[in-house]
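Have a look at the structure below, then the notes.
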Protein chains: 2
Amino acid sequence: MRIGELSERSGLSRDAIRFYEKTGLVESHRSPNGYREFGADAVPWLAYVRTAQRLGFSLAEIAAHGAELREAPDSAAALSALFAEKLAVVDAKMAELASLREELAERAGAGCPLSPDPLRSTFGGRPI
Amino acid sequence: MRIGELSERSGLSRDAIRFYEKTGLVESHRSPNGYREFGADAVPWLAYVRTAQRLGFSLAEIAAHGAELREAPDSAAALSALFAEKLAVVDAKMAELASLREELAERAGAGCPLSPDPLRSTFGGRPI
DNA sequence: GTAAACGGTGGAGTGCACTCCAGGGTCAAG
DNA sequence: CTTGACCCTGGAGTGCACTCCACCGTTTAC
């Protein structure tokens with residue numbers, strides 16, 4: 001598929017896709033006329049990129065992950081290790097998010113009294 | 001406390017703190033000599049800011065949340081609503097992260113067969 | 001054959017979140 | 001009274017992640 005179709009299907013701008021290609025986040029080969037040609041894989045891959053990005057991973061990190069995937073010896077064991085590693089990163093983020101959530105949940109619960117300065121009562125105890 | 005101490009205690013640079021103050025992320029009053037004076041609350045608040053930031057919230061969003069907290073009518077009901085709202089945002093992020101995690105966990109599990117192109121097998125089915 | 005739709009490149013510009021000066025005032029210790 | 005640690009402001013610069021633009025070639029439809 002060419003860049004226009006990928007743009008529509010991924011919801012990313014053409015410029016963004018070209019930028020991603022330049023930074024190694026997505027691959028393409030070129031038609032004889034010089035047009036980029038993307039595989040069908042590009043669509044879910046870009047969706048993954050967006051999700052990971054929204055969750056606070058930089059494009060560099062995501063690109064590194066993609067490169068590792070591509071370069072990994074194609075053995076189940078090696079790939080399992082790779083994914084386990086990423087899993088740990090995601091789990092760490094989830095834990096952070098959980099503690100943030102907890103802090104908020106405490107406040108949202110049945111009318112807890114609040115001091116004149118909400119911050120004091122909210123974050124004065126255990127720092128998040 | 002002055003900016004140097006807050007910098008040490010929060011792990012943020014003086015410049016970053018001054019920048020945060022300029023954008024309304026943290027408040028201070030001034031000593032007669034013009035020095036910024038921060039309350040003890042600033043330390044846990046800045047820790048919260050950093051955590052939220054790492055999790056993909058922009059400084060503008062965090063500042064808005066802080067402002068809402070400060071401006072909220074000091075009634076338990078209003079604040080509960082405020083926190084419940086933030087809670088929903090955090091929960092949405094957790095859900096995204098969970099689906100990312102699931103995708104990774106599937107791969108990391110006992111040797112699942114992989115096609116020549118790992119991406120196809122990883123993301124070819126349901127886009128994340 | 002020409003117009004519209006699509007593609008290419010290079011480079012400038014944008015917004016965010018800082019970082020790094022330069023130039024200068026404040027304050028406690030020696 | 002000077003030295004050093006600390007603070008101020010304003011402005012320039014940086015890295016990331018794009019976005020916009022001008023100018024040009026290609027392909028498709030009429």
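Throughout, protein chains are lettered first and strands after them, A, B, ... in sequence-line order, and every chain is numbered starting at 1.
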CD (Glu5(A)) with more than 12 external heavy atoms under 6.0 Å: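 Above 12, so yes.
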
Whether over 12 other heavy atoms sit under 6.0 Å from Glu37(B) CD: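 Counting neighbours around CD of Glu37(B), more than 12 heavy atoms of other residues, nucleotides or ligands fall under 6.0 Å, so yes.
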
Nearest atoms (heavy-atom pairs only) where Phe57(A) meets Glu61(A):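 Looks like CA-OE1, 3.2 Å.
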
Nearest heavy atoms of Leu59(B) and Gln53(B), plus distance in Å: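 Closest pair (atom of Leu59(B), atom of Gln53(B), distance): CD2-OE1, 3.5 Å.
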
Rounded to the nearest 0.5 Å, what separates atom [atom1] in [X] from atom [atom2] in [Y]?
X	Y	atom1	atom2	result
His29(B)	Ser31(B)	NE2	OG	6.0 Å
Asp41(A)	Tyr48(A)	CG	OH	14.5 Å
Ser28(B)	Leu6(B)	OG	CG	9.5 Å
Ile17(B)	Ile3(B)	CD1	CD1	5.0 Å

Produce the list of close N/O pairs, under 3.5 Å, pairing protein atoms with atoms of nucleotides 17-20 of chain C; give distances to one decimal.
from    : atom 1 : to       : atom 2 : distance (Å)
dA17(C) : OP1    : Leu59(B) : N      : 2.9
dC18(C) : OP1    : Arg50(B) : NH1    : 3.2
dC18(C) : OP2    : Tyr20(B) : OH     : 2.6
dC18(C) : OP2    : Gln53(B) : OE1    : 2.6
dT19(C) : OP2    : Ser13(B) : OG     : 3.0

Nucleotide of dT9(C), dC7(D), dT26(D) approaching Arg18(A) most closely (side-chain heavy atoms):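 Shortest atom-to-atom distance from the side chain points to dT9(C).
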
Heavy-atom side-chain contact between Arg50(A) and Leu12(A) under 4.5 Å: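 Side-chain contact under 4.5 Å: yes.
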
Arg30(A) side chain reached by Arg36(A) side chain, heavy atoms, under 4.5 Å: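 Yes, at least one pair of side-chain atoms sits under 4.5 Å.
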
Whole-Å gap separating [atom2] ([N]) and [atom1] ([X]):
X	N	atom1	atom2	result
Arg14(B)	dC8(D)	CZ	C1'	12 Å
Glu37(B)	dC8(D)	CD	C1'	14 Å
Tyr35(A)	dG7(C)	OH	C1'	4 Å

Asn33(B) side-chain N/O to dC7(D) phosphate OP1/OP2 under 4.0 Å: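 So the side chain of Asn33(B) is outside the cut-off, no N or O lying under 4.0 Å from OP1 or OP2 of dC7(D).
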
Matching residue for Ile62(A) among Thr23(A), Thr51(A), Val49(A) - test: side chain to side chain contact (heavy atoms under 4.5 Å, CB included):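 The side chain to side chain contact (heavy atoms under 4.5 Å, CB included) with Ile62(A) is passed solely by Val49(A) among Thr23(A), Thr51(A), Val49(A).
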
Sugar-phosphate, base or nothing in reach of Arg36(A), heavy atoms under 4.0 Å: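 If one applies the 4.0 Å heavy-atom cut-off, Arg36(A) turns out to touch the sugar-phosphate alone, with no base involved.
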
Strand contacts (DNA chain C) in residues 22-30 of chain A, 4.0 angstrom heavy-atom criterion: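 By residue number: Arg30(A).
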
Difference in axis direction between the ends of the helix from dG1(C)-dC30(D) to dG30(C)-dC1(D), five pairs, 10°: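 Comparing the axis at each end, I get an angle of 10°.
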
